[in-house]
Amino acid sequence: MKYWLVKSEPVKYSWDDFLKDGWTYWDGVRNYQARNNLQSMKKGDAVLYYHSNEGLEVAGVAEVIKEAYQDPTTDDERWVVVDLRPKESLKYPVPLSAIKKDKRLNDIALIKQSRLSVMPVTKKEFQTISSTGRGK
DNA sequence: GCCAACGTTGGC
DNA sequence: GCCAACGTTGGC
């Protein structure tokens, strides 16, 4: 099982929208590195859900329910989506500022490659953020 | 609103 | 194949 982090601008699609929908396909990825990450996702993988531009926090944890398939919003065969469903809302969303301060998260891709929208995180990083978000 | 980082495009 | 110009993302 692998761990990931995806970004969404809350103005466009927030964690609350995601909760209301119950599931979504993760569309709009138009970057090869992010696309490759999407294709590496397996059913059951855990995904941190980060609010970029506004909020700047990890709001919840999602789960991969369907692996990569052709992006239904485009005919361009280069792009894919995965299906995600919300798994857990974090009681205390973890802000970027806290992630930056935490020594255990010094090497997280979120900071190192700030423009990437789909990225892998390590099990340790995942656990650090999700347990912080639970208030522990 | 600005700017740094970085991906993409196009001329050579 | 190199690199300058340009566009986009995202934090501040």
Side-chain angles (χ1 to χ4, degrees):
Chain A
M1 157 156 180
K2 289 189 177 170
Y3 301 88
W4 307 92
L5 183 148
V6 297
K7 288 181 184 172
S8 178
E9 298 184 33
V11 173
K12 292 180 184 160
Y13 196 75
S14 71
W15 176 255
D16 283 343
D17 295 332
F18 187 32
L19 282 179
K20 256 178 252 162
D21 288 347
W23 74 280
T24 191
Y25 51 78
W26 204 258
D27 67 330
V29 169
R30 297 291 182 270
N31 168 285
Y32 289 111
Q33 212 182 335
R35 193 273 315 266
N36 292 343
N37 289 331
L38 280 182
Q39 285 176 329
S40 302
M41 288 186 182
K42 297 288 179 201
K43 203 173 169 182
D45 282 358
V47 182
L48 295 169
Y49 193 108
Y50 176 78
H51 281 160
S52 65
N53 278 319
E54 285 178 37
L56 305 183
E57 62 194 13
V58 176
V61 180
E63 179 185 3
V64 177
I65 54 174
K66 187 175 177 186
E67 294 171 15
Y69 58 97
Q70 165 73 36
D71 187 336
T73 65
T74 177
D75 289 333
D76 193 328
E77 290 174 4
R78 292 175 297 171
W79 309 117
V80 300
V81 299
V82 296
D83 287 355
L84 300 177
R85 71 171 178 86
K87 194 176 178 189
E88 179 188 359
S89 293
L90 292 178
K91 194 173 174 188
Y92 307 100
V94 182
L96 181 64
S97 58
I99 291 170
K100 284 186 169 173
K101 268 185 248 162
D102 196 319
K103 282 202 177 68
R104 294 169 296 177
L105 300 173
N106 271 348
D107 293 328
I108 195 167
L110 181 65
I111 298 170
K112 293 222 156 164
Q113 271 183 284
S114 62
R115 290 184 58 229
L116 191 58
S117 59
V118 180
M119 63 191 80
V121 297
T122 66
K123 185 177 184 181
K124 238 184 191 168
E125 288 162 351
F126 177 86
Q127 287 172 344
T128 299
I129 290 173
S130 56
S131 67
T132 303
R134 290 185 194 107
K136 168 61 202 81

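The structure presented is a predicted model; accordingly, all values stated were derived computationally and were not measured. As a basis for the values below, the full set of heavy atoms in this structure was taken, side chains included, without hydrogen atoms, waters or symmetry mates. Below, chains carry the letters A, B, ... as their sequence lines are ordered, and counting in each starts from 1.
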Heavy-atom contacts, protein to nucleotides 2-12 of chain C, under 4.0 Å, summarised as B (base), S (sugar-phosphate only) or - (none) per nt, yield -----BBBBSS
May I ask you to test the A/Val118-A/Met41 pair for a side-chain heavy-atom distance under 4.5 Å? yes
Return yes if some donor-acceptor pair links the side-chain N/O of A/Asp17 with the main-chain N/O of A/Ser14 below 3.5 Å, else return no. yes
Steps toward ring pair (Phe, Tyr, Trp, His ring centres under 6.0 Å) verdict (A/Trp79, A/Tyr32): CA-CA 9 Å; A/Trp79 309 117; A/Tyr32 289 111; 5.1 Å; yes
Test applied, side chain to side chain donor-acceptor pair (under 3.5 Å); reference residue, A/Glu63; option that passes from A/Arg85, A/Lys43, A/Lys87: A/Arg85
Rounded to the nearest 0.5 Å, what's the gap from CG on A/Leu110 to CG on A/Leu96? Could you check? 5.5 Å
With a 6.0 Å cut-off (strictly less than), is the heavy-atom count around OH of A/Tyr92, excluding the residue itself, greater than 12? no
Shortest non-hydrogen pair, A/Val121 vs A/Trp4, comes out as CG2-N, 3.8 Å
Interface with DNA chain C, restricted to residues 26-33 of chain A and to heavy atoms under 4.0 Å: none
